[in-house]
Protein chains: 2
Amino acid sequence: MEPIYLRIFKDIEAKILAGDWRPGHRIPREHDFADDYGCSRMTVSKAMTALVERGLVVRKRKTGSFVASPQIDRTVMDIQDIGTEATLAGYEHRYEILTRKIETLGSVEAAQLDSTSGAEVLRIQCLHIVDGKPTAVERRIILLDTVPLARNESFATAPPAKWLLSQVPWSRAKHVIRAVSADAATARILEIDRGEPCLNLIRQTWQNDRMVTYVEITHPGDRFQFAGIFHPAEKTA
Amino acid sequence: MEPIYLRIFKDIEAKILAGDWRPGHRIPREHDFADDYGCSRMTVSKAMTALVERGLVVRKRKTGSFVASPQIDRTVMDIQDIGTEATLAGYEHRYEILTRKIETLGSVEAAQLDSTSGAEVLRIQCLHIVDGKPTAVERRIILLDTVPLARNESFATAPPAKWLLSQVPWSRAKHVIRAVSADAATARILEIDRGEPCLNLIRQTWQNDRMVTYVEITHPGDRFQFAGIFHPAEKTA
DNA sequence: TAGTGGTCTAGACCACGGG
DNA sequence: CCGTGGTCTAGACCACTAT
(Lines give C-alpha, C1' and ligand atoms only; values in the text may rest on other atoms or scores of the structure.)
Protein backbone atom coordinates (compact mmCIF):
# COMPACT_ATOMS: atom_id res chain seq x y z
CA MET A 1 0.00 0.00 0.00
CA GLU A 2 1.39 3.36 -1.01
CA PRO A 3 1.64 5.89 1.81
CA ILE A 4 -0.96 8.62 1.71
CA TYR A 5 1.59 11.43 1.75
CA LEU A 6 3.21 9.95 -1.34
CA ARG A 7 -0.09 9.76 -3.17
CA ILE A 8 -0.77 13.39 -2.36
CA PHE A 9 2.74 14.34 -3.43
CA LYS A 10 2.45 12.54 -6.75
CA ASP A 11 -1.02 13.86 -7.48
CA ILE A 12 0.08 17.45 -7.01
CA GLU A 13 3.35 16.91 -8.85
CA ALA A 14 1.46 15.45 -11.80
CA LYS A 15 -0.89 18.42 -11.97
CA ILE A 16 2.03 20.82 -12.02
CA LEU A 17 4.12 18.92 -14.53
CA ALA A 18 1.14 18.43 -16.80
CA GLY A 19 0.55 22.17 -16.74
CA ASP A 20 -2.92 21.93 -15.21
CA TRP A 21 -1.67 24.11 -12.41
CA ARG A 22 0.50 26.84 -13.91
CA PRO A 23 3.18 28.77 -12.02
CA GLY A 24 1.51 31.09 -9.55
CA HIS A 25 -1.58 28.92 -9.27
CA ARG A 26 -2.86 28.75 -5.75
CA ILE A 27 -2.84 25.27 -4.27
CA PRO A 28 -5.65 24.27 -1.90
CA ARG A 29 -5.00 24.62 1.80
CA GLU A 30 -3.65 21.75 3.83
CA HIS A 31 -6.98 21.47 5.56
CA ASP A 32 -8.79 20.91 2.26
CA PHE A 33 -6.42 18.15 1.23
CA ALA A 34 -6.85 16.55 4.63
CA ASP A 35 -10.60 16.47 4.03
CA ASP A 36 -10.28 15.24 0.44
CA TYR A 37 -7.91 12.41 1.25
CA GLY A 38 -9.48 11.66 4.59
CA CYS A 39 -6.23 12.05 6.46
CA SER A 40 -4.76 14.33 9.08
CA ARG A 41 -3.23 17.68 8.27
CA MET A 42 0.20 16.44 9.27
CA THR A 43 0.15 13.88 6.50
CA VAL A 44 -0.65 16.60 3.99
CA SER A 45 2.12 18.68 5.51
CA LYS A 46 4.64 15.96 4.80
CA ALA A 47 3.67 15.91 1.14
CA MET A 48 3.80 19.70 0.88
CA THR A 49 7.19 19.86 2.53
CA ALA A 50 8.54 17.41 -0.02
CA LEU A 51 7.10 19.52 -2.84
CA VAL A 52 8.84 22.58 -1.44
CA GLU A 53 12.10 20.65 -1.27
CA ARG A 54 11.75 19.71 -4.91
CA GLY A 55 11.19 23.35 -5.72
CA LEU A 56 7.75 22.79 -7.23
CA VAL A 57 5.90 24.76 -4.59
CA VAL A 58 6.45 27.87 -2.52
CA ARG A 59 4.50 28.55 0.63
CA LYS A 60 3.73 31.68 2.56
CA ARG A 61 1.97 31.95 5.85
CA LYS A 62 -1.43 33.46 5.76
CA THR A 63 -1.41 33.68 1.94
CA GLY A 64 -1.19 30.00 1.08
CA SER A 65 0.77 27.66 -1.19
CA PHE A 66 1.51 28.33 -4.84
CA VAL A 67 3.05 26.56 -7.79
CA ALA A 68 6.63 27.79 -7.93
CA SER A 69 7.97 29.79 -10.81
CA PRO A 70 9.82 27.50 -13.17
CA GLN A 71 12.97 26.36 -11.67
CA ILE A 72 16.44 26.95 -12.42
CA ASP A 73 18.61 24.00 -12.67
CA ARG A 74 19.65 23.85 -9.09
CA THR A 75 20.81 20.28 -9.03
CA VAL A 76 23.55 20.81 -11.50
CA MET A 77 25.85 23.69 -11.02
CA ASP A 78 24.30 26.91 -12.11
CA ILE A 79 24.40 25.91 -15.69
CA GLN A 80 21.36 27.83 -16.56
CA ASP A 81 20.16 30.82 -18.30
CA ILE A 82 23.18 32.82 -19.36
CA GLY A 83 21.56 36.19 -18.95
CA THR A 84 20.64 35.53 -15.35
CA GLU A 85 24.13 34.36 -14.57
CA ALA A 86 25.69 37.36 -16.18
CA THR A 87 23.37 39.77 -14.45
CA LEU A 88 24.05 38.18 -11.10
CA ALA A 89 27.75 38.59 -11.73
CA GLY A 90 27.18 42.24 -12.51
CA TYR A 91 27.77 42.11 -16.25
CA GLU A 92 25.71 43.51 -19.04
CA HIS A 93 24.15 40.81 -21.18
CA ARG A 94 22.48 40.89 -24.55
CA TYR A 95 21.78 38.33 -27.22
CA GLU A 96 21.09 38.10 -30.92
CA ILE A 97 19.00 35.53 -32.69
CA LEU A 98 21.22 34.53 -35.62
CA THR A 99 18.97 32.02 -37.31
CA ARG A 100 15.46 30.74 -36.72
CA LYS A 101 13.64 28.20 -38.84
CA ILE A 102 11.07 25.45 -38.63
CA GLU A 103 12.11 22.03 -39.88
CA THR A 104 11.22 18.40 -39.61
CA LEU A 105 13.60 16.12 -37.81
CA GLY A 106 15.65 13.81 -40.03
CA SER A 107 15.91 10.17 -39.10
CA VAL A 108 19.59 10.33 -38.16
CA GLU A 109 19.13 13.30 -35.88
CA ALA A 110 15.94 11.85 -34.44
CA ALA A 111 17.83 8.73 -33.47
CA GLN A 112 20.57 10.80 -31.85
CA LEU A 113 18.00 12.62 -29.78
CA ASP A 114 16.04 9.49 -29.04
CA SER A 115 13.07 11.23 -30.57
CA THR A 116 10.67 10.58 -33.43
CA SER A 117 11.71 11.14 -37.03
CA GLY A 118 9.57 13.66 -38.87
CA ALA A 119 8.69 15.65 -35.79
CA GLU A 120 8.41 19.36 -36.36
CA VAL A 121 11.06 21.38 -34.59
CA LEU A 122 12.10 24.98 -34.26
CA ARG A 123 15.82 25.36 -34.83
CA ILE A 124 17.48 28.42 -33.36
CA GLN A 125 20.98 29.78 -33.31
CA CYS A 126 21.65 32.50 -30.80
CA LEU A 127 24.69 34.49 -29.76
CA HIS A 128 25.17 35.71 -26.21
CA ILE A 129 27.23 38.78 -25.57
CA VAL A 130 28.38 39.46 -22.04
CA ASP A 131 30.24 42.61 -21.14
CA GLY A 132 30.54 43.38 -24.84
CA LYS A 133 32.30 40.12 -25.71
CA PRO A 134 30.79 37.14 -27.53
CA THR A 135 30.55 34.58 -24.76
CA ALA A 136 28.40 31.77 -26.01
CA VAL A 137 26.80 30.46 -29.13
CA GLU A 138 23.60 28.55 -28.48
CA ARG A 139 22.25 26.03 -30.98
CA ARG A 140 18.85 24.80 -30.00
CA ILE A 141 16.04 22.55 -31.13
CA ILE A 142 12.58 22.93 -29.64
CA LEU A 143 9.97 20.24 -30.19
CA LEU A 144 6.92 22.06 -31.47
CA ASP A 145 4.75 19.14 -30.59
CA THR A 146 5.61 19.62 -26.93
CA VAL A 147 5.80 23.40 -26.97
CA PRO A 148 3.38 24.62 -29.66
CA LEU A 149 3.59 28.22 -28.49
CA ALA A 150 7.20 28.36 -29.66
CA ARG A 151 6.05 28.37 -33.29
CA ASN A 152 5.23 32.06 -33.24
CA GLU A 153 7.65 33.18 -30.58
CA SER A 154 10.30 35.62 -31.74
CA PHE A 155 12.39 35.55 -28.57
CA ALA A 156 12.71 39.29 -28.80
CA THR A 157 12.00 39.94 -25.14
CA ALA A 158 13.51 36.82 -23.56
CA PRO A 159 16.20 34.43 -24.81
CA PRO A 160 15.06 30.90 -25.60
CA ALA A 161 16.26 29.38 -22.34
CA LYS A 162 14.40 31.89 -20.21
CA TRP A 163 11.30 31.79 -22.36
CA LEU A 164 11.17 28.01 -22.18
CA LEU A 165 11.52 28.04 -18.42
CA SER A 166 8.49 30.27 -18.23
CA GLN A 167 6.49 27.92 -20.43
CA VAL A 168 7.42 24.40 -19.52
CA PRO A 169 8.20 22.88 -16.15
CA TRP A 170 10.79 20.20 -16.64
CA SER A 171 11.01 16.86 -14.98
CA ARG A 172 14.22 15.42 -16.33
CA ALA A 173 17.38 16.73 -17.93
CA LYS A 174 20.52 15.17 -19.28
CA HIS A 175 23.79 17.03 -19.46
CA VAL A 176 27.09 16.50 -21.13
CA ILE A 177 30.08 18.75 -20.72
CA ARG A 178 33.07 18.49 -23.01
CA ALA A 179 36.11 20.41 -24.17
CA VAL A 180 36.27 20.84 -27.93
CA SER A 181 38.20 22.77 -30.55
CA ALA A 182 36.38 25.62 -32.17
CA ASP A 183 35.31 24.78 -35.71
CA ALA A 184 35.38 27.43 -38.40
CA ALA A 185 31.78 28.58 -38.00
CA THR A 186 31.94 28.74 -34.23
CA ALA A 187 35.27 30.52 -34.28
CA ARG A 188 33.91 33.19 -36.59
CA ILE A 189 30.85 33.79 -34.45
CA LEU A 190 32.76 33.90 -31.18
CA GLU A 191 35.59 35.95 -32.69
CA ILE A 192 38.31 33.52 -31.68
CA ASP A 193 40.85 31.48 -33.60
CA ARG A 194 39.90 28.19 -35.10
CA GLY A 195 41.08 25.35 -32.86
CA GLU A 196 40.86 27.34 -29.67
CA PRO A 197 39.59 25.27 -26.72
CA CYS A 198 35.90 25.71 -26.03
CA LEU A 199 33.67 24.53 -23.26
CA ASN A 200 30.75 22.68 -24.72
CA LEU A 201 27.54 22.03 -22.83
CA ILE A 202 24.78 19.84 -24.18
CA ARG A 203 21.48 19.67 -22.39
CA GLN A 204 18.42 17.70 -23.29
CA THR A 205 15.22 18.24 -21.38
CA TRP A 206 12.05 16.20 -21.03
CA GLN A 207 8.67 16.81 -19.54
CA ASN A 208 7.16 13.49 -18.54
CA ASP A 209 8.93 11.51 -21.29
CA ARG A 210 8.14 14.06 -23.95
CA MET A 211 11.24 15.77 -25.19
CA VAL A 212 11.12 19.53 -24.79
CA THR A 213 14.41 20.84 -26.10
CA TYR A 214 17.93 19.99 -27.05
CA VAL A 215 20.59 22.64 -26.78
CA GLU A 216 24.30 22.87 -27.36
CA ILE A 217 26.08 25.86 -25.89
CA THR A 218 29.67 26.60 -26.81
CA HIS A 219 31.80 28.98 -24.76
CA PRO A 220 35.30 30.21 -25.50
CA GLY A 221 37.50 28.44 -22.98
CA ASP A 222 39.09 31.64 -21.78
CA ARG A 223 35.85 33.53 -21.29
CA PHE A 224 33.72 31.16 -19.33
CA GLN A 225 33.69 28.51 -16.68
CA PHE A 226 31.15 26.58 -14.72
CA ALA A 227 31.40 27.02 -11.00
CA GLY A 228 29.37 26.08 -8.03
CA ILE A 229 29.42 25.38 -4.35
CA PHE A 230 27.61 22.31 -3.19
CA HIS A 231 26.63 20.75 0.04
CA PRO A 232 25.62 17.15 0.10
CA ALA A 233 22.02 17.58 -1.06
CA GLU A 234 21.13 21.13 -0.12
CA LYS A 235 18.07 21.32 2.03
CA THR A 236 17.10 24.10 4.36
CA ALA A 237 18.11 26.88 1.99
CA MET B 1 13.31 29.44 19.04
CA GLU B 2 14.89 26.78 16.88
CA PRO B 3 12.64 23.81 16.15
CA ILE B 4 13.54 20.66 18.06
CA TYR B 5 13.90 18.53 14.95
CA LEU B 6 16.46 20.97 13.60
CA ARG B 7 18.47 20.85 16.81
CA ILE B 8 18.51 17.07 16.66
CA PHE B 9 19.47 17.16 13.01
CA LYS B 10 22.34 19.54 13.60
CA ASP B 11 23.62 17.71 16.64
CA ILE B 12 23.83 14.43 14.77
CA GLU B 13 25.24 16.05 11.66
CA ALA B 14 27.96 17.70 13.74
CA LYS B 15 28.94 14.42 15.35
CA ILE B 16 29.27 12.75 11.97
CA LEU B 17 31.14 15.58 10.28
CA ALA B 18 33.49 15.90 13.23
CA GLY B 19 34.29 12.23 12.95
CA ASP B 20 33.01 11.36 16.42
CA TRP B 21 30.64 8.92 14.78
CA ARG B 22 32.52 7.15 11.99
CA PRO B 23 30.88 5.47 9.00
CA GLY B 24 29.10 2.34 10.16
CA HIS B 25 28.60 3.67 13.67
CA ARG B 26 25.24 2.76 15.07
CA ILE B 27 23.06 5.74 15.91
CA PRO B 28 20.77 5.55 18.94
CA ARG B 29 17.18 4.54 18.36
CA GLU B 30 14.49 7.10 17.76
CA HIS B 31 13.02 6.26 21.12
CA ASP B 32 16.27 7.15 22.89
CA PHE B 33 16.50 10.51 21.19
CA ALA B 34 12.88 11.19 22.08
CA ASP B 35 13.75 10.59 25.74
CA ASP B 36 16.96 12.63 25.59
CA TYR B 37 15.36 15.65 23.95
CA GLY B 38 12.08 15.29 25.77
CA CYS B 39 10.09 15.19 22.57
CA SER B 40 7.91 12.75 20.70
CA ARG B 41 9.27 10.08 18.42
CA MET B 42 7.75 11.78 15.38
CA THR B 43 9.92 14.81 15.94
CA VAL B 44 13.00 12.61 16.02
CA SER B 45 11.75 10.89 12.91
CA LYS B 46 11.64 14.18 11.06
CA ALA B 47 15.28 14.85 11.88
CA MET B 48 16.34 11.34 10.89
CA THR B 49 14.48 11.54 7.60
CA ALA B 50 16.34 14.73 6.77
CA LEU B 51 19.66 13.05 7.60
CA VAL B 52 18.81 10.20 5.26
CA GLU B 53 17.97 12.69 2.52
CA ARG B 54 21.33 14.34 2.97
CA GLY B 55 22.94 10.96 2.65
CA LEU B 56 24.57 11.09 6.07
CA VAL B 57 22.58 8.21 7.51
CA VAL B 58 21.19 4.90 6.32
CA ARG B 59 18.40 3.14 8.16
CA LYS B 60 17.24 -0.44 8.27
CA ARG B 61 14.24 -1.83 10.02
CA LYS B 62 14.95 -3.96 12.99
CA THR B 63 18.71 -3.33 12.74
CA GLY B 64 18.73 0.41 13.35
CA SER B 65 20.28 3.56 11.93
CA PHE B 66 23.92 3.91 10.94
CA VAL B 67 26.32 6.59 9.76
CA ALA B 68 26.45 6.25 5.99
CA SER B 69 29.60 5.38 4.12
CA PRO B 70 31.26 8.51 2.81
CA GLN B 71 29.33 9.85 -0.04
CA ILE B 72 30.04 10.31 -3.55
CA ASP B 73 29.37 13.65 -4.96
CA ARG B 74 25.79 13.14 -5.91
CA THR B 75 24.77 16.74 -6.14
CA VAL B 76 27.09 17.53 -8.96
CA MET B 77 27.11 15.22 -11.86
CA ASP B 78 29.03 12.09 -11.13
CA ILE B 79 32.27 13.96 -11.16
CA GLN B 80 33.82 11.64 -8.76
CA ASP B 81 36.37 9.02 -8.42
CA ILE B 82 37.64 8.23 -11.90
CA GLY B 83 38.23 4.56 -11.21
CA THR B 84 34.66 4.01 -10.13
CA GLU B 85 33.35 5.79 -13.18
CA ALA B 86 35.54 3.82 -15.52
CA THR B 87 34.65 0.53 -13.90
CA LEU B 88 30.95 1.32 -14.11
CA ALA B 89 31.39 2.03 -17.79
CA GLY B 90 33.09 -1.31 -18.24
CA TYR B 91 36.60 -0.07 -18.77
CA GLU B 92 39.80 -1.17 -17.17
CA HIS B 93 41.31 1.49 -14.96
CA ARG B 94 44.72 1.86 -13.38
CA TYR B 95 46.71 4.76 -12.05
CA GLU B 96 50.28 5.74 -11.35
CA ILE B 97 51.51 8.07 -8.66
CA LEU B 98 53.90 10.30 -10.57
CA THR B 99 55.13 12.52 -7.73
CA ARG B 100 54.48 12.66 -4.02
CA LYS B 101 56.05 15.11 -1.61
CA ILE B 102 55.38 16.99 1.59
CA GLU B 103 55.68 20.77 1.49
CA THR B 104 54.60 23.87 3.31
CA LEU B 105 52.12 26.15 1.63
CA GLY B 106 53.57 29.37 0.24
CA SER B 107 51.75 32.59 0.94
CA VAL B 108 50.61 33.13 -2.63
CA GLU B 109 49.16 29.67 -2.96
CA ALA B 110 47.65 29.84 0.51
CA ALA B 111 45.82 32.99 -0.48
CA GLN B 112 44.53 31.34 -3.66
CA LEU B 113 43.17 28.46 -1.65
CA ASP B 114 41.84 30.70 1.07
CA SER B 115 43.98 28.70 3.48
CA THR B 116 46.77 29.43 5.95
CA SER B 117 50.29 30.09 4.76
CA GLY B 118 52.86 27.70 6.16
CA ALA B 119 50.42 24.81 6.51
CA GLU B 120 51.89 21.41 5.79
CA VAL B 121 50.49 19.73 2.72
CA LEU B 122 50.96 16.57 0.77
CA ARG B 123 51.32 17.29 -2.93
CA ILE B 124 50.53 14.48 -5.31
CA GLN B 125 50.56 14.10 -9.06
CA CYS B 126 48.76 11.08 -10.40
CA LEU B 127 48.02 9.73 -13.87
CA HIS B 128 44.84 7.80 -14.62
CA ILE B 129 44.84 5.29 -17.42
CA VAL B 130 41.51 4.04 -18.69
CA ASP B 131 41.29 1.33 -21.31
CA GLY B 132 45.03 1.64 -21.83
CA LYS B 133 44.93 5.35 -22.66
CA PRO B 134 46.07 8.23 -20.43
CA THR B 135 42.76 9.84 -19.51
CA ALA B 136 43.44 12.23 -16.69
CA VAL B 137 46.24 13.87 -14.82
CA GLU B 138 45.39 14.67 -11.23
CA ARG B 139 47.29 17.31 -9.29
CA ARG B 140 46.29 17.34 -5.68
CA ILE B 141 47.04 19.01 -2.39
CA ILE B 142 45.96 17.42 0.87
CA LEU B 143 46.03 19.43 4.09
CA LEU B 144 47.96 17.27 6.55
CA ASP B 145 46.56 19.23 9.43
CA THR B 146 43.06 18.07 8.49
CA VAL B 147 43.99 14.59 7.31
CA PRO B 148 47.08 13.54 9.30
CA LEU B 149 46.82 9.93 8.16
CA ALA B 150 47.71 11.00 4.64
CA ARG B 151 51.31 11.64 5.71
CA ASN B 152 52.23 7.98 5.53
CA GLU B 153 49.75 6.85 2.92
CA SER B 154 51.27 5.55 -0.28
CA PHE B 155 48.01 5.34 -2.26
CA ALA B 156 49.16 1.97 -3.55
CA THR B 157 45.83 0.27 -2.99
CA ALA B 158 43.42 3.14 -3.62
CA PRO B 159 43.83 6.36 -5.59
CA PRO B 160 43.81 9.58 -3.57
CA ALA B 161 40.18 10.46 -4.30
CA LYS B 162 38.89 7.10 -3.16
CA TRP B 163 41.18 6.97 -0.16
CA LEU B 164 40.09 10.42 0.96
CA LEU B 165 36.42 9.53 0.67
CA SER B 166 37.02 6.64 3.02
CA GLN B 167 38.73 8.88 5.53
CA VAL B 168 36.91 12.19 5.57
CA PRO B 169 33.23 13.01 5.31
CA TRP B 170 32.87 16.24 3.45
CA SER B 171 30.46 19.02 4.14
CA ARG B 172 31.16 21.51 1.38
CA ALA B 173 32.76 21.44 -2.02
CA LYS B 174 33.47 24.02 -4.65
CA HIS B 175 33.82 23.13 -8.29
CA VAL B 176 35.06 24.88 -11.37
CA ILE B 177 34.97 23.42 -14.84
CA ARG B 178 36.90 25.02 -17.67
CA ALA B 179 38.25 24.28 -21.11
CA VAL B 180 41.97 24.91 -21.41
CA SER B 181 44.83 24.28 -23.81
CA ALA B 182 47.25 21.58 -22.81
CA ASP B 183 50.53 23.02 -21.59
CA ALA B 184 53.79 21.27 -22.38
CA ALA B 185 53.96 19.20 -19.22
CA THR B 186 50.34 18.10 -19.37
CA ALA B 187 50.58 17.29 -23.07
CA ARG B 188 53.58 15.06 -22.48
CA ILE B 189 51.90 13.17 -19.66
CA LEU B 190 48.62 12.68 -21.52
CA GLU B 191 50.39 11.90 -24.80
CA ILE B 192 48.58 14.58 -26.75
CA ASP B 193 49.75 17.63 -28.68
CA ARG B 194 50.45 20.84 -26.91
CA GLY B 195 47.49 23.22 -27.29
CA GLU B 196 44.90 20.48 -27.58
CA PRO B 197 41.66 21.30 -25.78
CA CYS B 198 41.39 19.79 -22.33
CA LEU B 199 38.58 19.59 -19.84
CA ASN B 200 39.76 20.98 -16.55
CA LEU B 201 38.01 20.28 -13.26
CA ILE B 202 38.99 21.97 -10.04
CA ARG B 203 37.47 20.84 -6.80
CA GLN B 204 38.11 22.15 -3.34
CA THR B 205 36.64 20.36 -0.36
CA TRP B 206 36.05 21.39 3.22
CA GLN B 207 35.00 19.63 6.35
CA ASN B 208 33.38 22.12 8.69
CA ASP B 209 35.43 25.08 7.45
CA ARG B 210 38.68 23.17 7.52
CA MET B 211 40.03 22.64 4.06
CA VAL B 212 40.56 19.01 3.20
CA THR B 213 41.90 18.92 -0.31
CA TYR B 214 42.34 20.84 -3.51
CA VAL B 215 42.52 18.97 -6.76
CA GLU B 216 42.85 19.84 -10.41
CA ILE B 217 42.03 17.13 -12.90
CA THR B 218 42.83 17.58 -16.56
CA HIS B 219 41.29 15.37 -19.23
CA PRO B 220 42.03 15.30 -22.94
CA GLY B 221 38.98 16.84 -24.60
CA ASP B 222 38.48 13.94 -26.94
CA ARG B 223 38.71 11.24 -24.31
CA PHE B 224 36.43 12.42 -21.59
CA GLN B 225 33.21 14.19 -20.83
CA PHE B 226 31.04 14.83 -17.84
CA ALA B 227 27.54 13.54 -18.13
CA GLY B 228 24.59 13.14 -15.90
CA ILE B 229 20.87 12.83 -15.71
CA PHE B 230 19.08 14.96 -13.19
CA HIS B 231 15.66 15.34 -11.85
CA PRO B 232 14.77 18.50 -9.96
CA ALA B 233 16.24 17.59 -6.57
CA GLU B 234 16.33 13.84 -6.57
CA LYS B 235 14.49 12.36 -3.65
CA THR B 236 12.99 8.94 -3.48
CA ALA B 237 16.01 7.21 -5.04
C1' DT C 1 -7.74 40.26 13.64
C1' DA C 2 -8.03 36.27 11.23
C1' DG C 3 -6.18 32.92 7.95
C1' DT C 4 -2.46 30.26 6.82
C1' DG C 5 1.46 27.35 7.47
C1' DG C 6 5.09 25.36 11.12
C1' DT C 7 5.71 22.53 14.68
C1' DC C 8 4.54 19.34 18.12
C1' DT C 9 2.24 15.55 21.01
C1' DA C 10 1.23 10.91 22.92
C1' DG C 11 -0.16 7.72 21.60
C1' DA C 12 -1.22 3.81 17.66
C1' DC C 13 -0.74 0.11 14.17
C1' DC C 14 1.86 -1.93 10.60
C1' DA C 15 5.97 -3.69 7.70
C1' DC C 16 10.08 -5.53 7.58
C1' DG C 17 13.72 -8.53 8.64
C1' DG C 18 17.23 -10.75 11.97
C1' DG C 19 17.33 -14.62 15.26
C1' DC D 1 9.37 -14.12 17.60
C1' DC D 2 10.07 -9.14 18.56
C1' DG D 3 12.92 -4.89 17.83
C1' DT D 4 13.25 -1.43 14.68
C1' DG D 5 11.70 2.07 11.61
C1' DG D 6 7.46 3.93 8.64
C1' DT D 7 3.34 5.94 8.81
C1' DC D 8 -0.60 7.96 10.78
C1' DT D 9 -4.04 10.45 13.97
C1' DA D 10 -6.79 14.19 16.06
C1' DG D 11 -6.06 17.24 18.06
C1' DA D 12 -3.02 21.60 19.89
C1' DC D 13 -0.46 25.98 20.14
C1' DC D 14 2.43 29.25 17.89
C1' DA D 15 4.43 32.45 14.11
C1' DC D 16 3.80 35.10 10.55
C1' DT D 17 1.54 38.42 7.73
C1' DA D 18 -2.23 40.39 4.73
C1' DT D 19 -6.00 43.16 5.61
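Lettering of chains follows the sequences in order, A, B, ..., and the numbering in each one begins at 1. Since the model is a prediction, treat every value here as computed from it, not as a measurement.
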Length of the [atom1]-[atom2] vector between [X] and [N], whole Å:
X: A:Met1; N: C:dC16; atom1: CE; atom2: P; result: 13 Å
X: B:Lys46; N: C:dG5; atom1: NZ; atom2: C1'; result: 11 Å
X: B:Arg59; N: C:dG17; atom1: CZ; atom2: P; result: 15 Å
X: B:Glu30; N: C:dC14; atom1: CD; atom2: C1'; result: 14 Å

Legend entry - salt_bridge(B:Arg41, B:Glu30) N-O dist < 4.0 Å: yes
Legend entry - 5′-ward residue of the pair B:Ser40/B:Thr63 relative to DNA chain C: B:Ser40
Take a 6.0 Å sphere around [atom1] of [X] and say whether it holds more than 12 heavy atoms from other residues, nucleotides or ligands.
X: B:Asp35; atom1: CG; value: yes
X: B:His25; atom1: NE2; value: yes
X: B:Asp32; atom1: CG; value: yes

Inset, instruction - Could you check whether B:Met42 gets within reach of a base, just the sugar-phosphate, or nothing at all, counting any heavy atom under 4.0 Å? - result: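 Base contact.
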Legend entry - First of B:Arg29 and A:Arg61 reached from the 5' end of DNA chain D, by closest nucleotide: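 First, find each residue's nearest nucleotide; the 5'-ward one identifies B:Arg29.
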Inset, instruction - Please tell me which of A:Arg41 and A:Ile4 maps to the more 5' nucleotide of DNA chain D, matching each residue to the nucleotide holding its nearest heavy atom. - result: A:Ile4
Inset, instruction - Give the first and the last nucleotide of DNA chain D, reading 5' to 3', that has any atom under 4.0 Å from a heavy atom of chain B. - result: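 Result: D:dG3 to D:dT9.
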Inset, instruction - Kindly assign one of parallel, tilted or perpendicular to the pair B:His128 and B:Tyr95, based on the angle between their ring planes and the thresholds 30° and 60°. - result: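 Plane angle between 30° and 60°, so tilted.
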Legend entry - Any A:Ser65 side-chain N or O less than 4.0 Å from OP1/OP2 of C:dG5: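 The answer is yes; a side-chain N or O of A:Ser65 sits under 4.0 Å from OP1 or OP2.
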Legend entry - A:Phe33 and A:Ile12: CA distance, side-chain angles, deciding distance, side-chain contact (heavy atoms from CB on, under 4.5 Å) verdict: CA-CA 11 Å; A:Phe33 279 114; A:Ile12 298 176; 3.6 Å; yes
